[in-house]
Amino acid sequence: MSKPLILVVEDDIPVTNLITITLKSHGYRYITASTGEIAVMETASKNPDIALLDLGLPDIDGVEVIKKIRTWSNMPIIVISARSEDTDKIEALDAGADDYLTKPFSVEELLARIRVTVRRLALMNSNNVPSAVYENGSLKIDFVSGCAWLKGEELHLTPIEYKLLCLLAKNTGKVLTHKYILQNVWGSSLVNDVGSLRVFMATLRKKLESGADSHQYIQTHIGIGYRMLKID
Ligand code: CA
C-alpha cells in the first residue's frame, strides 16, 4: 500500500492544523473538509483510505455523515469528538464508525489508532480470500477446523465462547458495540442482554488471559463494547 490518503473532517481550524501537521510529519497524505457536505463529496471524488471525523460540524451531524458514506463505502472512519457520552460513541459506532477518540486527544494515541487501521487495510487488501488461520501474539485460530490455541495449547471453549472469539478476531483493532456482538453471536432475540454477554466475555477472558506472562487480548470499553487488540 502506498502512503495512505487521510481525509480530515473538522471545522475547528486549530484542531485541523494539529492533526494535519501530525499527519504530514509522519508521512501521511491528507485532504481536509470543514463541513459534512464537503466530507461526503471529497470521499466520493478522491476516494481517501481513512477518514478522521469530528461529530460537531456546522451543517450536518457527523453521525449522518457516517451513514451517508456507509451507503457506498467501507472506508475506515475514526471519530474524533468532544462528545464523551457513551451514547454518542455507541451511536457513531453503530452507524458504522470503526473507532472513537475523545477530545482532547493525545497525538500519540491518534497515530497508534491510525497505524492499527492501516495494518487492517493492508491485511484486507492482501487477502481478499479471508485467511483460514488467524494468528495474534500467542493466540491462533483455525477457522476451518474450529479450534483455537494459546501458546500451542488447545483452548477448551464452549460454542458461544468460540463464536465470540472469532467475531472479535475477525475485527481486530475495531471496537464492537454490545448490540453488534449480541446480534452476531446470538441473533437479534437477545439484543438487550448485555449481562449475559458480560458473563461469557469474563469466562472467555479467563481462558485467554490467565497466566503470569499472558497478554491482554480483549479490551473493555465500559458501557460500549469490546475490542480485540493487535499484539505486536
Ligand atoms: Ca466541531
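Order of listing sets the numbers, starting from 1, for every ligand and every atom in it.
Pairs of residues two or more places apart, or lying in two chains, that qualify as side-chain hydrogen bond (donor to acceptor under 3.5 Å, both in side chains) and include a residue from residues 137-148 are Ser138-Tyr217.
Note on Lys89 versus Asp99: no salt bridge recorded, every NZ/NE/NH1/NH2 to OD/OE distance being 4.0 Å or above. For the pair Asp61 and Lys68, the salt-bridge criterion is not met [side-chain N within less than 4.0 Å of a carboxylate O].
Within the 4.5 Å cutoff, side-chain heavy atoms of Leu168 are placed close to those of Leu176.
Ring-plane geometry between Phe143 and Tyr134 is classed as tilted, the angle between the planes lying from 30 to 60 degrees on a 0 to 90 degree scale.
If you look at Tyr226 and His178, their ring centroids are closer than 6.0 Å.
Only protein N, O or S atoms were considered, and those under 3.0 Å from the Ca ion (ligand 1) are Asp11 OD1, Asp54 OD2, Gly56 O.
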